[in-house]
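Written out below as structure tokens is the structure these notes cover.
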Protein chains: 2
Amino acid sequence: MPKNQNAILRLSRYKNTLYKLKTLGLEKVFSDNLADSIHVKSSQVRKDFSIFGIEGHRKGGYEINYLINKINEVLGKTKMNNVILAGAGKLGRALMGYKGFNQVNIKITAIFDIDPEKVKRDSPVPVLPLEEMKEYIKNNHIVIGIIAVPEEAAQLVVEHMIGAGVKGLLNFSTTNIKVPDHVIVNNVHMEAELENIIYYINNPE
Amino acid sequence: MPKNQNAILRLSRYKNTLYKLKTLGLEKVFSDNLADSIHVKSSQVRKDFSIFGIEGHRKGGYEINYLINKINEVLGKTKMNNVILAGAGKLGRALMGYKGFNQVNIKITAIFDIDPEKVKRDSPVPVLPLEEMKEYIKNNHIVIGIIAVPEEAAQLVVEHMIGAGVKGLLNFSTTNIKVPDHVIVNNVHMEAELENIIYYINNPE
DNA sequence: TAGATTGTTAATCGATTAACAATC
DNA sequence: TAGATTGTTAATCGATTAACAATC
């Protein structure tokens, strides 16, 4: 696990709360409030902020607008982040239509699939043949790919992506994909998460 | 984070590798092999196994069949685990059709949605009105729920579920849901994972 | 036996938390 | 000022890793 990964994931979650508070018309927030909202301690919140140089007022808490801006800056959200997706199956198409990404300046600009029948160039988000993926990545300077292909295809697709310049992967397949050191992979293993829940239900303490 | 959560998530990942090795006809595996497959150290693998009383042979490694059985036992996978899903939107329907769950003895038995137009009682996995959820949970002794509803509905749906007996939740909504202490929540925050990737791409070291 | 691998202990590392001085 | 909150340090906690005796 890269250093401070949890802290960075928490920044995303603080941001969600902050947007909601802003919608409610609030302007300031205390570390205690943010702590409650994501179930951590207030010292954790202050620590997280101090890691990334995010400052408050000794007595007046933190300004919400400032916090949102700072967090977006840290997370690199000041510009649109274009990503591609491999796999136009059920999951891929669900992700294609997922509104949550737009809200955080992430845009899926193209989907790639090996099945010619799935290709659809005139779709709002075009579905293109897998053979065109490498060139697309290079031409559009894509650095992030989402893997939503079947297990057996995952490793090969990943290698194509990395070969063309991708530096970060969000992997929805169950496969434990192999990548060079400079590439970052985050896995979304839904079965594993459920198995984990089952474990804690069966073994409470 | 509950204790040993990472270890338990790793068990799921070892299991994936083990099934593949078994398919290849292998019968034994060393801690070194498993370590390589999920990018951890071999002492981590042995430690994980020792936490859960999983044993090998001092020189001959571990028997794959035994490992799979033991891990399934620890993870409570010796019986079918029925779960329900709230939200028949794009994501919900994608999850409904997701084959990965079947492979690990997890079955979505019903989906609930507030929109009457989405109700479909004769579907292979029935889509039922949200009002029927509580009763369904009680009648079928469901203890696990998946949240795939829009943000603003999440907290309420969660409370209905918990009120009816649900003890574990897999939360796909961005909301930081609040639950009593005895309920376990695992969050799948896809935006946060992507933001995390973006951070490490922008800040390599 | 000699060599190799487990199981476990002890060391290390990093993340979380408590505590409190600084300060508004 | 008195009270409250930040920012930071030090303590604690837990997870990972190295090392090696046990042993097959």
Side-chain angles (χ1 to χ4, degrees), chain A residues 1-14 17-18 21 26-67 70-71 74 176 181 192 196 199-200 203 205, chain B residues 1-14 17-18 21 26-67 70-71 74 176 181 192 196 199-200 203 205:
Chain A
M1 189 158 70
K3 205 169 160 176
N4 286 332
Q5 178 156 38
N6 289 345
I8 293 156
L9 288 169
R10 281 193 298 271
L11 288 187
S12 292
R13 305 185 68 198
Y14 298 142
T17 300
L18 289 167
L21 295 177
L26 299 207
E27 291 177 5
K28 288 183 193 322
V29 69
F30 299 120
S31 57
D32 239 3
N33 306 135
L34 286 172
D36 288 345
S37 85
I38 74 163
H39 307 118
V40 296
K41 296 287 191 296
S42 67
S43 51
Q44 176 85 85
V45 174
R46 297 195 298 276
K47 179 73 166 187
D48 288 342
F49 287 170
S50 95
I51 291 172
F52 300 104
I54 298 174
E55 294 176 349
H57 303 290
R58 284 270 173 182
K59 148 144 196 213
Y62 299 83
E63 283 166 43
I64 290 178
N65 278 331
Y66 164 84
L67 275 187
K70 269 292 193 180
I71 292 177
V74 170
N176 299 316
D181 278 348
N196 193 261
Y199 175 84
Y200 285 108
N203 302 274
E205 80 251 65
Chain B
M1 189 157 70
K3 206 168 160 175
N4 286 331
Q5 178 155 39
N6 288 346
I8 293 156
L9 288 169
R10 281 193 297 269
L11 288 187
S12 292
R13 305 185 68 196
Y14 298 141
T17 300
L18 289 167
L21 295 177
L26 299 207
E27 291 177 7
K28 288 185 193 320
V29 69
F30 299 120
S31 57
D32 239 3
N33 306 135
L34 286 172
D36 288 345
S37 85
I38 75 162
H39 308 119
V40 296
K41 295 287 190 296
S42 67
S43 51
Q44 175 86 85
V45 174
R46 297 194 298 277
K47 179 74 167 186
D48 288 342
F49 288 170
S50 95
I51 291 173
F52 300 103
I54 298 172
E55 293 175 349
H57 304 292
R58 284 272 173 180
K59 150 145 194 208
Y62 300 83
E63 283 165 42
I64 290 179
N65 279 330
Y66 164 83
L67 275 188
K70 271 292 195 180
I71 292 177
V74 170
N176 300 315
D181 277 349
N196 193 261
Y199 175 84
Y200 286 107
N203 302 273
E205 80 250 67

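Computed from a prediction, not measured in an experiment: that's the story for all the values here.
Nucleotide C:dG7 holds its P atom 14 Å from the CG atom of B:Asp32, rounded to whole Å. Atom CZ in A:Arg46 sits about 7 Å away from atom C1' in D:dG7, given to the nearest Å. With rounding to whole Å, A:Lys47 atom NZ is found 10 Å from C:dA15 atom P. Atom NZ in B:Lys3 sits roughly 14 Å away from atom C1' in D:dT12 (whole-Å rounding). With rounding to whole Å, B:Gln5 atom CD is found 15 Å from C:dA15 atom C1'. In this entry the distance linking CD1 of A:Ile51 with C1' of D:dT8 reads 12 Å, nearest Å. Atom pair A:Glu55:CD and C:dA22:C1' shows a separation of 14 Å (rounding to whole Å applied). Between the CD atom of B:Glu63 and the P atom of D:dC24 there is a distance of 14 Å, rounded to whole Å.
For B:Arg58 and A:Arg58, each mapped to the nucleotide of DNA chain C holding its nearest heavy atom, the one lying further toward the 5' end belongs to B:Arg58.
Taking 4.0 angstrom as the limit, B:Asn4 places none of its side-chain polar atoms (N or O) nearer than this to OP1 or OP2 of D:dG14. For A:Ser50 and D:dG7, the shortest distance from a side-chain N or O to OP1 or OP2 is not below 4.0 Å. For the pair B:Ser31 and C:dT6, the criterion of a side-chain N or O lying under 4.0 Å from OP1 or OP2 is met.
The side chain of A:Ser43 approaches C:dA19 more closely than any other nucleotide in the set C:dT5, D:dT6, C:dA19.
Checking side-chain atoms of B:Tyr199 against main-chain N and O of A:Gln5 turns up no donor-acceptor pair under 3.5 Å. With hydrogens and angles disregarded, no donor-acceptor distance shorter than 3.5 Å links the side chain of B:Asp36 to the backbone of B:Asn33.
Across A:Leu9 and B:Ala192, no two heavy atoms sit closer than the pair CD2-O, 3.7 Å.
Two residues are said to be in side-chain contact when any heavy atoms from C-beta on lie closer than 4.5 Å; B:Tyr62 and B:Arg46 meet this criterion.
Pairing for C:dA22 goes to D:dT5, judged as Watson-Crick or G-U wobble with the two contacts each under 3.5 Å. C:dA15 and D:dT12 make up a base pair, with Watson-Crick or G-U wobble contacts both under 3.5 Å.
Residue-level contact check: B:Phe49 touches neither bases nor backbone, having no heavy atom under 4.0 Å from any strand.
Screening B:Leu21, B:Leu34, B:Leu11 against B:Leu67 for a side-chain contact (heavy atoms from CB on, under 4.5 Å) leaves a single residue, B:Leu34.
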